[in-house]
Each structure stands twice: as structure tokens, then as C-alpha cells.
Amino acid sequence: MRHHAPTTLGHSDTLRVATYNIHKGVRGVGPRKRLEIHNLGLGIEALDSDLVFLQEVRSFHHGEARRFARTSFGWPREGQADFLAPEGYEVAYRTNAVTRQGEHGNALLSRWPLGDIGHHDVSDHRFEQRGLLHVPVHWNGSVLHAVVAHLGLMHASRVRQVERLAAFIEAHVPNDELLVVAGDFNDWGQKLDAPMRECGLQRALPEGMSSARQNTFPSRVPVFSLDRIYTRGLRCISTSVPRGSAWARMSDHLPLVAELVHE
């Protein structure tokens, strides 16, 4: 975990949380492939969130580092999680998947102090490597457990991964402590809210709001709400999805932002 320069923490009762699949910091294929990690850094800073849950984050990739020169405008010399963290944020990162030339995983960027970083493998089969990043966050005198998730591409796998998430929570998260689980759930059919409720987690939706207002994928014309925030012990008072050509360019997903308060 890298500690950035200390920041002055306020004591707002509102916790602003964002989740964002950054597509490994690149877009396009072949000769049209372009590096978006620098724009993503500006975007994440603009989200102005206390906690940022990130998926598809690279620590290294030899092929991309060769393609995009290691200059001030090229491939970062540090891992993407550290590179993207605004000044004053702490960083937690763990790898989910290892490939021939690199790897990628989940990250948490936090304005608030972090505890010990944990990682739990929830891979359902050998073709998809998936994991949960678990970090306790010290927020306004409370311990809040942050879990960054990126679930599988098949519904049956996702259901089993939610069951493993439930077992992980039972074993590692005390019942009286706050919990936020956020990430890319790949839930095209909107079928996971019920099993997540069985874990004691409610989807972060303001009262009366339709989940269609949280559509984040694909970024150019968002029609699916694949990116989710689920909570325990917290109530959602607002959500937003930044939109526009700049956001559509940076990743195939848009970020989802929620403001949370104690129940």
C-alpha cells in the first residue's frame, strides 16, 4: 500500500463513493489502440469521492509498456492504482488475473486511513480469474469494510461468487460494522439484487429511483447497469453517472457515484 501526501480530513456525515471499471487504461485495438490512463487520472480526481473502487487495474504489462513509451505522457512507471490516486489518497491493490505479459486486479483509493489489505479468490473456473479486494477503512470514528468486486461473465458463476462473498462476509466482517461492496457485477439480467439482499446488502438507490438511472455500460450509449454499489448500515441519498464524450472515450464503462449516510 502506498501512502500519498497526507490530507486534511473533514468530518462530513456523508460518504461519497465511486466505482469504475477502467478497462486497463487503454482503448481501441490494433493501430487505433490509445492510452487513456492520463485522462482517467483527471476523471478520477474530478469524481471527488472519498472512496474509489476500481476494476481492471494493471500493476504492470510488458507489452503495453513497450507500445507506449515510458515518458511523462506514456505508460506510467508505477502501477496504475498508484498513478491514478489523487494527492492525499491511500491506495490498496491486489492482482486477480495473471496473463502472459502482465496482470490486472482491483484497487481502492481512499481519502480515509486504510487497515490491512485482504484478497479472496472467487474464481469459478480456470478461464476466468476473479477476486475480492477487502480493506477496512477508518471513517469518522467508525470501521467501514470496503470490498471491491468484479464478478464473472456467466450467470451461474456470478451466483456462486455471491455465495462465496456471503461466506467471506460472515467470516471476516463483524455484524455491527459498516460494509460497502462495489464493482462490476456483469449482471446483464438484473438478477443479483435478491441474492445480495440475502447477504444483508442493499443496492445503493435513493428512494423511488429506478435502477435504469444507473446505467453505465456501454459508455457511449449506456443501457445496462453493470456497475453497482451495495451497502450495509448505510443509506443512499443520491447517485449519479457522469456522461459525455470525454467519459465515453476513457473506458467502455462509465463510473457510478453514490452519496451515503449512516442509517
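Both backbone and side-chain heavy atoms feed into the values below; hydrogens, waters and symmetry mates do not. Values in this document were obtained by computation on a predicted structure and should not be read as measured data.
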* Output the distance between atom CZ (R228) and atom OG1 (T239), rounded to the nearest 0.5 Å. => 12.5 Å
* To do: For the residue pair H172 and H120, categorise the inter-ring angle as parallel (less than 30°), tilted (30 to 60°) or perpendicular (more than 60°).
  => tilted
* Backbone of A258 reached by a side-chain donor or acceptor of R16 within 3.5 Å -> no
* L205 side chain reached by S210 side chain, heavy atoms, under 4.5 Å -> no
* Asked: What do you reckon, is CG of D121 surrounded by more than 12 foreign heavy atoms closer than 6.0 Å?
  -> yes
* To the nearest 0.5 Å, tell me how far L234 CG sits from I229 CD1. => 11.0 Å
* Asked: Would you call D227 and P255 a side-chain contact if the rule is heavy atoms closer than 4.5 Å?
  -> no
* Given side chains that start at C-beta, do those of V180 and F53 come closer than 4.5 Å, heavy atoms only? -> yes
* Stepwise, does the salt bridge (Lys or Arg N to Asp or Glu O under 4.0 Å) test hold for K24 with E56? -> CA-CA 5 Å; K24 308 182 187 74; E56 293 196 20; 3.2 Å; yes
* To do: Walk me through it: do H155 and N186 pass the test side chain to side chain contact (heavy atoms under 4.5 Å, CB included)?
  => CA-CA 9 Å; H155 175 66; N186 271 316; over 6 Å; no
* pair N96-R130: side-chain heavy atoms closer than 4.5 Å -> no
* Asked: With respect to R235, which candidate in E263, H262, E207, Q202 satisfies the side-chain contact (heavy atoms from CB on, under 4.5 Å) definition?
  -> E263
* Connected via hydrophobic side-chain network under 4.5 Å: W247 and F224 -> no
* Asked: If every non-hydrogen atom of Y89 is compared with every non-hydrogen atom of D50, which pair is closest and at what distance?
  -> CE2-O, 4.2 Å
* Asked: Considering only heavy atoms from C-beta outward, does the side chain of S219 approach that of L254 to under 4.5 Å?
  -> yes
* Are W75 and H61 side-chain neighbours, meaning at least one heavy-atom pair lies under 4.5 Å? -> yes
* Asked: If you measure from OG1 on T19 to CG on L226, what distance do you get to the nearest 0.5 Å?
  -> 11.0 Å
* Reported NE2-to-CG distance for the pair H134 and L165, which is rounded to 0.5 angstrom -> 10.5 Å
* Determine yes or no for a side-chain-to-main-chain donor-acceptor pair under 3.5 angstrom, with Y93 supplying the side chain and V57 the backbone. => yes
* Would you call F185 and D193 a side-chain contact if the rule is heavy atoms closer than 4.5 Å? -> no
* Are E259 and S240 close enough that a side-chain donor and a side-chain acceptor fall under 3.5 Å? -> no
* **Verify same cluster id: L179, V17 (apolar side-chain graph, 4.5 Å)** => no
* Structure fact -> Heavy-atom nearest pair, Q129 first then S123, reads CA-OG, 3.3 Å
* Say you draw a straight line from CG of L256 to CG of D184; how long is it, rounded to the nearest 0.5 Å? -> 11.5 Å
* **Test item: Q161 side-chain N/O and V122 main-chain N/O as donor-acceptor pair under 3.5 Å** => yes
* Do the non-hydrogen side-chain atoms of R164 and D124 ever get within less than 4.5 Å of each other? -> yes
* G25 and L40: which non-hydrogen atoms are nearest, and at how many Å? -> CA-CD1, 3.8 Å
* To do: List the steps, then state whether salt bridge (Lys or Arg N to Asp or Glu O under 4.0 Å) holds for K33 with E64.
  => CA-CA 10 Å; K33 183 178 281 192; E64 302 289 30; 3.3 Å; yes
* Could you check S59 against E103 for side chain to side chain contact (heavy atoms under 4.5 Å, CB included), going step by step and ending with a plain yes or no? => CA-CA 7 Å; S59 177; E103 52 73 79; 3.2 Å; yes
* Asked: Do H23 and H253 have ring centres separated by under 6.0 Å?
  -> no
* To do: Take atom CZ of R213 as the centre, draw a 6.0 Å sphere, and report whether it contains more than 12 heavy atoms from other residues, nucleotides or ligands.
  => no
* Of the options L109, V91, V137, which is the one that meets L114 in a side-chain contact (heavy atoms from CB on, under 4.5 Å)? -> V137
* Derivation and outcome, side chain to side chain contact (heavy atoms under 4.5 Å, CB included), residues L51 and L144 -> CA-CA 11 Å; L51 299 175; L144 180 149; 4.0 Å; yes
* **Exceeds 12 heavy-atom contacts within 6.0 angstrom, atom CD of Q101** => yes
* Structure fact -> In V181, L178, V173, the residue satisfying side-chain contact (heavy atoms from CB on, under 4.5 Å) with R232 is V173
* To do: Can you see which heavy atom on P174 is nearest to which on H145, and at what distance?
  => CD-NE2, 3.7 Å
* Asked: Side-chain heavy atoms under 4.5 angstrom apart, residues restricted to Ile, Leu, Val, Met, Phe, Trp, Tyr: same cluster for M196 and L260?
  -> no
* Asked: Are L47 and L84 connected, step by step, through hydrophobic side chains (Ile, Leu, Val, Met, Phe, Trp, Tyr) whose heavy atoms are closer than 4.5 Å?
  -> yes
* Asked: Roughly how far, to the nearest 0.5 Å, is the OG1 atom of T14 from the CG atom of N140?
  -> 9.5 Å
* Under 3.5 Å donor-acceptor, R34 side chain and G28 backbone -> no
* How far apart are the closest heavy atoms of Y230 and L192, and which atoms are they? -> OH-C, 4.3 Å
* Asked: I169, L108: one ILVMFWY side-chain cluster at the under-4.5 Å cut-off?
  -> no
* Could you tell me which non-hydrogen atom of S225 sits nearest to which non-hydrogen atom of N215, and how far apart they are? => N-OD1, 3.5 Å
* Quick one: sort the H38 and F83 rings into parallel, tilted or perpendicular, breaks at 30° and 60°. => perpendicular
* To do: Show the numbers, then the answer: is there a side chain to side chain contact (heavy atoms under 4.5 Å, CB included) between V135 and R94?
  => CA-CA 11 Å; V135 194; R94 288 291 183 270; over 6 Å; no
